[in-house]
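Below: the structure, in structure tokens.
Everything quoted here is computed from the prediction, not taken from an experiment. Just so it is clear: chains get the letters A, B, ... in the order the sequence lines come, proteins before strands, and each one is counted from 1.
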Number of protein chains: 2
Amino acid sequence: MTSEPNLLAVIQRQLNELNKSEAKVAQAILNAPEEATRSSIASLAAAAGVSEPSVNRFCKRFGATGFPDFKLQLATSLASGVRYVSRAVEFSDDINTFPTKLFDNAINALMTAKEELPLKAIARAVDQIAQARRVYFFGLGTSAAVARDAEHKFFRFNVPVFTHEDPLMQRMLAASAGVGDLFFFISHTGRTKVLVEAAEIARQTEATIVSLTAEGSPLADQSHYCINVKIEEDTEQYLPMTSRLVQLVILDVLAAGVTLRRGEGFTPHLARIKDSLKDTRFPTS
Amino acid sequence: MTSEPNLLAVIQRQLNELNKSEAKVAQAILNAPEEATRSSIASLAAAAGVSEPSVNRFCKRFGATGFPDFKLQLATSLASGVRYVSRAVEFSDDINTFPTKLFDNAINALMTAKEELPLKAIARAVDQIAQARRVYFFGLGTSAAVARDAEHKFFRFNVPVFTHEDPLMQRMLAASAGVGDLFFFISHTGRTKVLVEAAEIARQTEATIVSLTAEGSPLADQSHYCINVKIEEDTEQYLPMTSRLVQLVILDVLAAGVTLRRGEGFTPHLARIKDSLKDTRFPTS
DNA sequence: ACTCATTATGTAGTAAATTTACAAATATTC
DNA sequence: GAATATTTGTAAATTTACTACATAATGAGT
């Protein structure tokens, strides 16, 4: 079953080539698609002003095995279309609306990112991280928090990991890098000067440069390997809210990739790290 | 029509509270969701090993008017592309499967959190933050990165914001707190001793204590206001991956709430902050 | 313009699927 | 262990969808 991404568009396109009664059915469906998914064949036939078998024939014409199957395809098609709409928070919003909007935006961002994941770039980045002698995560502003998060994740792999928010430290570390060092730059825009400059400095050494940033940005240009994250429109007026979520999940993906690379024998090591925290917590009652 | 964004997650979550036969139906659906959307009630009943009316009752229990309506909702929910409920990464996974799994898990976590958002607690927290004289964000480990992110967000509101990862600093600052100070504790488990102790110390002052943590935890007990985040099962064996995403989005929600509270006249101030970064970036070509 | 062939549409009956009402079985409480 | 409540299944009723066939409409050729 080749589930058509947009059934309504297909119907619309074929409107001319349909018989009179089939066209009536098409029109009825186009007028109220959601309702059509909930109707019985009888009520849809009535709404279109045709007989039930006409509706049935219509369905088969569009590749369905029958009316129920057609409804299913229609519902599927409608569901995937509605999804990707980001809604900005407005001053007229209240506690019942804006939290949902923000969550929806976050979910949408992740779904979009998931569909266009640069898998090859991710795979290559995993390779590089797995064999690095040292890893530096550099970011500024919001991305500094992401870098910090990455640090907490990657130190588990027995690779020394460093993070610095100080641009001067970043420059100096970049300058003193050598073979086996990996610099991982994180930036939403990929245009932050001091960060790009640090990348340029690192580029002149033997170190490997990986970045998680916008495609075609100056930072991407400086990188040996770049994981592109689509820069979305500025729905959220004043803060990059969703992009850092995507960055975090991609870093999770990288960490998982390295774990898989290390193999099953590595699990006890991770378990030991986890256990080490046991005594810092109040026991569960 | 309350079209459920992720019906499978809802089913999964309620598995325990179902009767024997309803649980069988649930299992059958979770095993092969897309097949279920194409089955008749009879074949699904057979697959689950129960009678047809049991399937029907199951559907109604989940808000559908009947079996066809349920299939529709299920198809709609599946169409979003977020497949299974929570899938752990396994060593047999490769680059084509584990990134998707991690994204799906993240998306699911946000969807679940969205459904059970503690709106009243959020509203109260917004109130408190909006009128605080000073705000401290305290977290440790992964939550330290979240706290850092919060700092980047909330300083924009003309309220002094502080973050410290050092437990000793946290204690000392807690001890020296006074009226108008707000301590915002972030913790996945709510059981980290040094953090809870800092909260206890702060509690003895005039300061307000807000936490973003697990319900019923020691940290929650120390808080005047607690935003509960459901602690999910430990699918991710060794790292809390999804919970921090939820924490971040909830902090976005709080920030948005404070922005709305400040009113429209506050927008220029935010714009000025944004503009201040302009010269740090390479211009867009 | 008329007939024949072709296509389109509807009618009616049939089969299938879903739901309801009720009865049997199982679990729960006192 | 009896009484009650809950769960589950059986069987009938109802709704829904499909098939076969008949009628109507359309178009081509004479």
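Salt-bridge check for A:Asp279 with B:Lys193: failed, with every basic side-chain N at 4.0 Å or more from each acidic carboxylate O.
When side chains are defined from C-beta on, A:Leu7 does not count as touching A:Leu78, because their heavy atoms never get closer than 4.5 Å. Inter-residue side-chain proximity for A:Lys274 and A:Ser276 is flagged as unmet; no heavy-atom pair is nearer than 4.5 Å. The closest side-chain heavy-atom distance from A:Phe58 to A:Leu18 is below 4.5 Å.
Per the geometry, CD belonging to A:Glu52 stands 18 Å off P belonging to C:dA16, to the nearest Å. The distance between atom CZ of B:Phe58 and atom P of D:dT7, rounded to the nearest whole Å, is 15 Å. The CD-P distance, from A:Glu22 to C:dT7, rounds to 14 Å in whole Å. Atom CD1 in B:Ile41 sits roughly 8 Å away from atom C1' in C:dT19 (whole-Å rounding). One can place CG of A:Asp69 at 13 Å from C1' of D:dA17, the figure rounded to the nearest angstrom. With rounding to whole Å, A:Leu44 atom CG is found 13 Å from C:dG10 atom P. In this structure, the CZ atom of A:Phe70 is 12 Å from the P atom of D:dC18, given to the nearest Å. For the pair B:Glu17 CD and D:dT7 P, the computed distance is 13 Å after rounding to whole Å.
Close to D:dA24, at under 4.0 Å from its OP1 or OP2, lies no side-chain N or O of A:Lys20. In terms of phosphate contacts, B:Asn56 brings no side-chain nitrogen or oxygen within less than 4.0 Å of OP1 or OP2 of C:dT18. Side-chain nitrogen and oxygen atoms of B:Ser54 include at least one within less than 4.0 Å of the OP1 or OP2 phosphate oxygen of D:dG9. Checking the phosphate oxygens (OP1, OP2) of D:dT7, no side-chain nitrogen or oxygen of B:Ser21 falls inside 4.0 Å. OP1 or OP2 of C:dT9 lies within a sub-4.0 Å distance of a side-chain N or O belonging to A:Asn19.
As judged by a 4.0 angstrom heavy-atom cut-off over every strand, B:Lys24 is placed among residues making no nucleic acid contact.
Between B:Arg203 and B:Gln222, the shortest heavy-atom distance links the atoms NH1-O, 2.8 Å.
Closest to the B:Lys60 side chain, of the nucleotides C:dT20, C:dT19, D:dA17, is C:dT20. Distance from the side chain of A:Ser51 is smallest to C:dG10 among D:dA25, C:dA17, C:dG10.
Mapped onto DNA chain D by nearest heavy atom, A:Pro53 and B:Arg57 fall at different nucleotides, with B:Arg57 at the one closer to the 5' end.
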